[in-house]
Amino acid sequence: GAVTRSCWGIALDNGHGGADLEQFPSLIIRGNTVVNTGNMLIGCAVCRDVTIEDNVIVHQNAFAASAIVVPDRNENYAILPKSNRVVVRNNSILFDSTGKGASIRLGSGDGAIYTSKGNSVYKSAGSGLSGCGEAYNTGDEVNASDNVCLESIPQALLDSALAKTVLTRKHQRRDGLNPPHDVSILE
């Protein structure tokens, strides 16, 4: 079946609501193809010294979504660090949906440092993205440069991304809390 808004793509965050000390220093999310997941395609929280680069992200579902989000959840924990020193570069984002959304959403207003550089945002006619869909919090230091936004989606890039999602398997969380769900496996 189809995904819903609550299905996320790649998410590295303290998903247990801060109940344990999960954090993600020196994280690299590189070279992935993420196609038609839920309302967040790549994200992290409580992550420092992060690089998110060279990913191809496709959103064609009929609901709102954000392609890259840091932090992707609330980081108000007394003992966990907030996301900081995050670099988002050289990603290709294909937004082919009338649902509203953001291509790159960075910051939570706590003075962190973010860099968004060399990203390409392609959106279809009638896309729900406003402008290039970038959203930066004014309480953070965001250095954005060399990002491009085009009003069409290159068919060869879209075809290449879709061709990589060829196999579906059932995935079970190791802790057994959630029932199995479909996950696209890339070859």
Exercise for review: Run the numbers on L106 and T115 for side-chain contact (heavy atoms from CB on, under 4.5 Å), then give the verdict.
Suggested key: CA-CA 9 Å; L106 301 174; T115 300; over 6 Å; no
Practice item. Evaluate side-chain contact (heavy atoms from CB on, under 4.5 Å) for V34 paired with N55, printing each intermediate quantity in order. Key: CA-CA 8 Å; V34 183; N55 298 288; 5.8 Å; no
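Residue K82 places its NZ atom among more than 12 non-hydrogen atoms of other residues, nucleotides or ligands, all under 6.0 Å distant.
Counting heavy atoms from C-beta on, the side chains of D72 and W8 come closer than 4.5 Å. For the pair C132 and N147, the minimum side-chain heavy-atom distance is 4.5 Å or more. The shortest distance between side-chain heavy atoms of V50 and V70 does not fall below 4.5 Å. Side-chain contact between R89 and T51: present, with at least one pair of heavy atoms (C-beta onward) separated by less than 4.5 Å.
The heavy-atom pair separating S124 from D96 by the smallest distance is OG-OD1, 2.9 Å. When every heavy atom of I104 is checked against every heavy atom of S116, the shortest pair comes out as CD1-OG, 3.7 Å. Taking each heavy atom of L129 and G101 in turn, the nearest pair found is CD2-O, 3.2 Å. Closest of all the heavy-atom pairs between G99 and F95 is O-CE2, 3.3 Å. Contact between P71 and Y114 at its shortest, heavy atoms only, is CD-OH, 3.8 Å. Summarising the geometry of S92 relative to L157, their closest heavy-atom pair is CB-CD2, 4.1 Å, with the distance given to 0.1 Å.
Here the NZ-SG distance, from K123 to C149, works out to 5.0 Å after rounding to the nearest 0.5 Å. Once rounded to the nearest 0.5 Å, the distance linking OG of S103 with CG of N91 reads 10.0 Å. The SG atom of C44 sits 8.0 Å away from the CD atom of E75 when rounded to the nearest 0.5 Å. Interatomic distance, CG of D49 versus CG of N84, reported as 7.5 Å (0.5 Å rounding).
Both Y136 and I42 belong to a common hydrophobic cluster when Ile, Leu, Val, Met, Phe, Trp and Tyr are linked at side-chain heavy-atom distances under 4.5 angstrom. I113 and I52 are not part of a single hydrophobic cluster, where members link through side-chain heavy atoms under 4.5 Å apart. Under a hydrophobic-cluster definition in which Ile, Leu, Val, Met, Phe, Trp and Tyr are linked whenever side-chain heavy atoms come within less than 4.5 Å, directly or via other members, M40 and I10 are assigned to different clusters. A single hydrophobic cluster is seen to contain both I79 and V46, as judged by linkage of ILVMFWY side chains at heavy-atom distances under 4.5 Å, directly or through other members. Transitive grouping of hydrophobic side chains (ILVMFWY, heavy atoms separated by less than 4.5 Å) brings L41 and F24 into a common cluster.
The main-chain N or O of P81 is never found under 3.5 Å from a side-chain atom of Q23 such that the two would form a donor-acceptor pair. Here the side chain of S145 pairs no donor or acceptor atom with the backbone of K117 at under 3.5 angstrom. Here the side chain of N61 pairs no donor or acceptor atom with the backbone of F63 at under 3.5 angstrom. Judged by distance alone, the side chain of D140 and the main-chain N or O of G111 form a donor-acceptor pair under 3.5 Å. Checked by atom type and distance alone, the side chain of N119 pairs as donor or acceptor with a backbone atom of V88 at under 3.5 Å.
Put simply, the residue from L94, V35, T33 that forms a side chain to side chain contact (heavy atoms under 4.5 Å, CB included) with L162 is V35.
Checked by atom type, the side-chain pair N36/Q60 shows a donor-acceptor distance below 3.5 Å.
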